[in-house]
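Report on the following structure.
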Amino acid sequence: MENVIIPCNLKPPPVLPIIPTKAGIIQPSEFSTTISFDSHLDKLCRDGRLSDAVAALDAIAERGSKVKLKPRTYMNLLQSCIDTNSIELGRKLHARMMGLVQYVNPFVETKLVSMYAKCGCLHDARRVFDGMRERNLFTWSAMIGACSREQRWKEVLKLFYLMMGDGILPDKFLLPKILEACGNCADFKTAKVIHSMVVRCGFCGSIRVINSILAVYAKCGKLNWARRFFESMDKRDLVSWNAIISGFCQNGRMEEATRLFDAVREEGTEPGLVTWNIMIASYNQLGQTDVAMGLMKKMESLGIVPDVFTWTSLISGFAQNNRRNQALDLFKEMLLAGVKPNAVTITSAVSACASLKSLGKGLEIHAFSIKIGLIEDVLVGNSLIDMYSKCGELEAAQEVFDMIIEKDVFTWNSLIGGYCQAGYCGKACELFMKMQESDVAPNVITWNVMISGYIQNGDEDEAMDLFRRMEKDGKVKRNTASWNSLVAGYLHVGEKDKALGIFRQMQSYCVIPNLVTMLSVLPTCANLLAEKKVREIHCCILRRVLDSELPVANSLLDTYAKAGNMTYSRTIFDRMLSKDIITWNSIIAGYVLHGFSNAALDLFDDMTKSGLKPNRGTFLSIIYSCSLSGLVDKGRLAFSSITEDYNIVPGLEHYAAVVDLYGRPGRLGEAMEFIENMPVEPDSSVWAALLTASRNHRNIGFTVRALDKILDLEPGNYLIQRLRAQADALVAKSENDPKMRKLEKENATKRHLGRCWIELQNRVYTFVNGDQSEPYLYPWIHDIAGKASKYGFHEGLCIEEEEKEEVGRVHCEKIAIAFALIGFPRKAQCIRIVKSLRMCGNCHETAKYISKTYGCEIYVTDSKCLHRFSNGHCSCKDYW
DNA sequence: GGAACTACGT
């Protein structure tokens, strides 16, 4: 601002009194000229004394004087209110006018509408507008302009039709706004109406109107219309090019967009900053952030300086493509380049911090946004609330919430969600109540957030109550996400069956499940008992055409593998058009699970040939495949290449896999040496791998060492205590060890852990060791077990997880197999059993024998691994 | 009195 120098010898001008002594008449002694009350008020306005002018009006009205002012005076007063953004004075003025103006003047009323509209009081503008008897083009323009500023596009279109009904046509200034609304509502019909109107009324001369029409066609995805229109244009400017390029970009047709981008030059125009921005933003949205980055470099080399749009779209592109740290680096770079971020930029950067749960960086940007005066922005505030909630800093989130003056539904939802996530349902509920009293109504998301908050914190009743009430009390229609909240909530608290129940119910209510539903429900079926359920869900996925969604296909193939159906898993894999690292890892892990190590290794080769980089999960499967195939050296090589070639720090799971690798062929010494040289402290999974190895190779010394190490780490582990006692008994060569008896007495409740489940004809049956529910099975069991032991049973180190089988205490999996084969009306071809403990050697041999003599496949998942018995062999190669 | 093409959060 310039400094105004006031000469010191000059007296300040006389100050106008608020009201002349007699209404409307000015005392000649006070003023050089006689002026009317109208001009008195005008002068007050011009001098910036708007409040005095209003006070004068007030005073006059209080005296009861009937003053008739010129409409022009009111308009000037209102215009001053607009210029100085003085909404309170404007309201006062409005109230006075109601009493003072004898006749309704559409011009004054229009001014009122535009005052309210410009000050953001859409409601009041609408009230005045609705009360008007006569509206002119200005009136409609003011109202439509206000709605368009507030992005209330549907209202804009409604107003447009009303206006046409009144016989008033929009002019070339109003048309672009209405067309913008058409674009945002995808209202192609109205756009066509306007197009023909423009042609008929001769507005074709306005390039802005023409560009707007082009933009609507492009935005509505009517690219052929847009192209034809574009080609028919007599005159095109850069904006026209931008509009058509943007249309192709938004519909993902990047090739055509690029061709058009090149065509700009051919026409002799240079692509401008906006043109580049459109291309850059599109590549970002498509996840091709590197291409976008390259474009920015190219644009800079051509001398075009990236602006806040360029930077912001790159930052949000990186943030949304799991490259949040780079997004924040870009943010810094932008500041260094001297480009001032705006609310959208800050929002993107803060949301990157939120996903990173990086409180430090979030705080920095919070402080920065205060510095540059963006803290009151609702967008910035909302993202900060989200960031603080995700970082568990609810007090800070609350503080930001309290600071936001004009809260929107996101503001409320973010904080409510934050409290729910942190488990403070009471606090969330309090806010939920307050929100209902505020002028922001809870939307379906608010209700869903509350529901999932309650259910994840174990308050099922309250959640169901909200779920029932939302439609009636909340006047909010339930959506798929509402049902998903219930499904995910039950899963969160481990209630798989209830989650599946909700899934079924949702289908009976004809609610269409979506990707999220499938991704929640599928993993619940990742076991041998649920194979049929997986097929059921698979059908549902096909019906909803969700099989083309990569995450769904990945989850489906993974679940099939875990449910024991490798054939379907492979079919899905083969039919997938695009595959990512998760796809490959899932199928490879599936083959390892089923003991097909060669298939796993072959797929690993295919995967690396396709150019994908293996990650930790891939390597884990590969080491286990090598272990299964006895390829110790190859396995060791794979383990070394984790660090050497891929720069990944191996996890404990990788170390355990290497112990398994040495352990299988009985290279126990090397396994032990490997453990001793580990750079990290081995955990019980590493020792458990050694335990398995030493048990399988009947090395009592190593067995005891491994058991002792595990007991150090998990002193309360009953199973390990039992095995340890058995080992002592074995060393003492006494079958009747007192320690063992003491242990079993103390843990009487834990003893009957031998339990298994089997699914037959859509029903799951449970059996415990020595189960007497089907006594007629026993003769068959004893007969088969006898034959099986002759067939090839060799005693291992007799340390088993459950008590020895005696007469009348047959292990449950034998009973289950017998039930499936002879107890059930239809003989099963494929038997699927889940067992709580590790199978004993005898049951394992029996299962192998049965698979050969009965020609069936038997799948047993025990606490160690999946056993697939077929034709007398087991997928674990007798090492488990 | 005023306009077209570009970036965004649960």
Side-chain angles (χ1 to χ4, degrees), chain A residues 79 82 107 110-111 113-115 117-118 136-142 144-146 148-149 170-180 183 203 206-216 218-219 236-247 249-250 271-282 284-285 292 306-317 319-320 334 341-352 354-355 377-387 389-390 408-418 420-421 443-446 448-449 452 481:
Chain A
Q79 185 61 49
I82 295 173
F107 290 96
T110 297
K111 202 55 150 183
V113 171
S114 82
M115 178 198 70
K118 290 222 173 123
N136 57 32
L137 179 59
F138 292 170
T139 328
W140 290 100
S141 295
I144 291 177
S148 116
R149 256 196 308 282
D171 63 0
K172 61 173 180 174
F173 292 104
L174 192 51
L175 279 168
K177 280 188 183 149
I178 300 165
L179 285 163
E180 192 186 2
F203 284 129
S206 164
I207 183 82
R208 295 198 189 224
V209 172
I210 292 300
N211 281 342
S212 294
I213 294 174
L214 175 65
V216 181
K219 256 191 209 159
R236 297 171 194 146
D237 63 3
L238 197 51
V239 175
S240 327
W241 283 101
N242 292 344
I244 189 114
I245 291 174
S246 162
C249 282
Q250 271 161 24
L273 175 61
V274 175
T275 326
W276 284 96
N277 282 350
I278 290 168
M279 298 296 288
I280 290 171
S282 300
N284 276 317
Q285 275 161 7
D307 70 349
V308 63
F309 280 84
T310 329
W311 287 102
T312 304
S313 64
L314 274 164
I315 291 169
S316 88
Q320 279 166 24
M334 164 181 178
N342 61 21
V344 181
T345 328
I346 298 285
T347 304
S348 298
V350 172
S351 95
S355 326
D377 187 281
V378 62
L379 213 70
V380 171
N382 291 352
S383 64
L384 284 168
I385 293 176
D386 178 51
M387 186 273 294
S389 295
K390 284 203 176 118
D408 67 7
V409 67
F410 292 108
T411 322
W412 289 92
N413 288 353
S414 300
L415 191 62
I416 291 177
C420 281
Q421 280 289 305
N443 62 7
V444 62
I445 294 162
T446 327
N448 292 351
V449 165
S452 76

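Lettering of chains follows the sequences in order, A, B, ..., and the numbering in each one begins at 1. All of these numbers come straight from a predicted model, not from anything done at the bench.
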Item to check | Where protein sits on nucleotides 2-7 of chain B, one letter per nucleotide: B base, S sugar-phosphate only, - none, heavy atoms under 4.0 Å | outcome: BBBBBB
Checklist outcome for this item: Sorted by chain and residue number, the ring pair (Phe, Tyr, Trp, His ring centres under 6.0 Å) partners of A/Trp241 (sequence neighbours excluded) come out as A/Phe230
Item to check | Note, A/Lys118 side chain near A/Arg149 side chain (heavy atom, < 4.5 Å) | outcome: yes
Item to check | Nearest-angstrom distance from the residue atom CG of A/Asn382 to P of B/dT10 | outcome: 10 Å
Checklist entry - How far apart are the closest heavy atoms of A/Lys172 and A/Val209, and which atoms are they? => result O-CG2, 3.5 Å
Next on the checklist: Between P on B/dC8 and CH2 on A/Trp311, what's the gap in Å once rounded to a whole number?
Outcome noted: 17 Å
Next on the checklist: Please report the distance, rounded to the nearest Å, between CD in A/Gln421 and C1' in B/dT10.
Outcome noted: 11 Å
Checklist entry - Of all residues at least two apart in sequence or in a different chain, which pass the salt bridge (charged side-chain N to carboxylate O under 4.0 Å, His left out) check with A/Lys390? => result A/Asp386
Item to check | Flag side-chain contact, heavy atom, 4.5 Å: A/Val274 against A/Val239 | outcome: no
Next on the checklist: Considering every strand and a 4.0 Å limit on heavy-atom distances, what is the contact class for A/Asp408: base, sugar-phosphate, or nothing?
Outcome noted: base
Checklist entry - Given side chains that start at C-beta, do those of A/Thr446 and A/Trp412 come closer than 4.5 Å, heavy atoms only? => result no
